[in-house]
Amino acid sequence: MTRDELMKTLHDYTPWELLHRNRRLDIGNMEPVNQTLESPITDEEKMTGLHLPRIPDLDNNTFSSDIYFRHAPGQNYMIVQHDRYTPGVMHQHNFFELQVCVEGEFMQQINSTRLQMHSGDFCLIPPRVRHMVDIQNYTVLLNLLIPEKHFKSICLSQLSGDNVLSQIFMGNVYYNSVNDYVIFHTNGNPVIMDIVFSICKEALEKKPYYVYMMDTELLLLLGVLIRNYESTCELPQIHRKQDGINYGILQYIEENYQQISLHELADKFHYTPQHMSSLLKELTGFNFSGYILEKRMQAASDYLLNTTLKIKDISIACGYQNQEHFIRTFKKYYNSTPIDYRNQHSHF
């Protein structure tokens, strides 16, 4: 797929959008209009290019990642195109959404704030933030839907450090001190837009290893955003000193989970082991041993799915000197041996 072919796909209106555009005067009440549009439009026609079938209306307008990701099995995140001319609805979801305004401009509301978005703007909206997008023109808006677990892995491992993404992650996932949004104004930087287009092409073409390629492109996209635009973005700050300390604890575990002990961790941050254990429970929902197990098993899964390392080497890399102990622990956690897990799920 060439760049021109991709842009044509993004510009073309779906039958769903055309019907809404032709009925714009009737969209004061979303549900009656959508009911009238149900019969002539099939799911295949709704799901054109990067579009998805209409998400069912929920009583509390809270959308789960499960609703979306059933259309993308095996992917760690999704990229979808927002439908144009459809009625805007206040909603929230349980994943991070990175909006990319490829072309045009539109209005959106995030909680009580109304914002005018322009070409080249990237807007990161954390989970549990109420917002509404209203596109009544030709604008091309792409949404990257990133589950909390995957966003956590990026912030605490691949792009670790005291940066804007880590601050948003800590504030919204661990402290419920929800920051409404962060906006990066890139003015359509061609390097960044090329990365976005590469993600689109991988998602549409689904060539071999496309999941791995999409993961790599997302990491590159976020890295370029924070490298070039962190100092100029509209950024809510972490306000509590303890938030920074807590982030340091989780980051230290991320870097040392293979060998670290509770006493070592407590000494590092000048806490008693009892206080450290209680704090980890509050932050993560796990006690110390449970959180370390979670980290090791996540790492083991990543090694099995994304490398060709031998089981013995993976065992050592995850902090298990005894291979048999690693295999027993992995089987208890995933209900599968490492070999079977790799054979069933590996990208290689």
Discussion item. When you compare the side chain of Y252 with that of F269, does any pair of heavy atoms fall below 4.5 Å?
Written reply: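 Side chain of F269 against side chain of Y252, heavy atoms only: contact under 4.5 Å found.
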
Discussion item. In the structure I gave you, are the side-chain heavy atoms of F184 and I192 within less than 4.5 Å of one another anywhere?
Written reply: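 F184 vs I192: side chains apart.
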
Worksheet item: Do Y68 and F95 have ring centres separated by under 6.0 Å?
Response: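 Yes, they do, as the ring centres are separated by less than 6.0 Å.
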
Fill in: Aromatic ring proximity H131/H93, centre distance under 6.0 Å
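Ring-ring flag for H131/H93: true, centres closer than 6.0 Å.
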
Worksheet entry | Residues, nucleotides or ligands: over 12 heavy atoms within 6.0 Å of R227 CZ |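 Not buried by this count: 12 neighbours or fewer within 6.0 Å.
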
Item to complete: Check the surroundings of atom NE2 in H263: do more than 12 heavy atoms from other residues, nucleotides or ligands lie under 6.0 Å from it?
Response: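 No, NE2 of H263 has 12 or fewer neighbouring heavy atoms, counting only those of other groups under 6.0 Å.
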
If the plane angle is over 60° it's perpendicular, under 30° parallel, otherwise tilted; pick one for [X] and [Y].
X: F96; Y: F151; result: parallel
X: Y334; Y: Y341; result: tilted
X: F286; Y: Y291; result: tilted

Worksheet entry | Donor-acceptor pair, side chain of R21 and main chain of R84, under 3.5 angstrom |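 The answer is no, because no donor-acceptor pair under 3.5 Å joins these two groups.
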
Worksheet entry | Smallest separation among heavy atoms of S301 and F330, with atom names |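 Of all heavy-atom pairs spanning S301 and F330, the closest is N-CE1, 4.4 Å.
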
Worksheet item: What closest approach, in Å, do V182 and C233 show between heavy atoms, and which atom pair accounts for it?
Response: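 Shortest heavy-atom separation between V182 and C233 comes out as CG1-SG, 4.0 Å.
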
Practice prompt. Please determine which of R114, Q99, Q116 meets the side-chain hydrogen bond (donor to acceptor under 3.5 Å, both in side chains) test together with Q108.
Written response: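 Of R114, Q99, Q116, side-chain hydrogen bond (donor to acceptor under 3.5 Å, both in side chains) with Q108 is met by Q99 alone.
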
Worksheet item: Looking at M193, M214, E217, which one forms a side-chain contact (heavy atoms from CB on, under 4.5 Å) with S198?
Response: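 In the set M193, M214, E217, the residue that makes a side-chain contact (heavy atoms from CB on, under 4.5 Å) with S198 is E217.
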
Worksheet item: Is the shortest distance from a Lys or Arg side-chain nitrogen in K8 or D12 to a carboxylate oxygen in the other one below 4.0 Å?
Response: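 Salt bridge flag = yes for D12 with K8.
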
Item to complete: Output yes when K149 and E294 qualify as a salt bridge under the 4.0 Å nitrogen-oxygen rule, no when they do not.
Response: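 Between E294 and K149 there is no salt bridge, as every charged N stays at least 4.0 Å from the carboxylate O atoms.
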
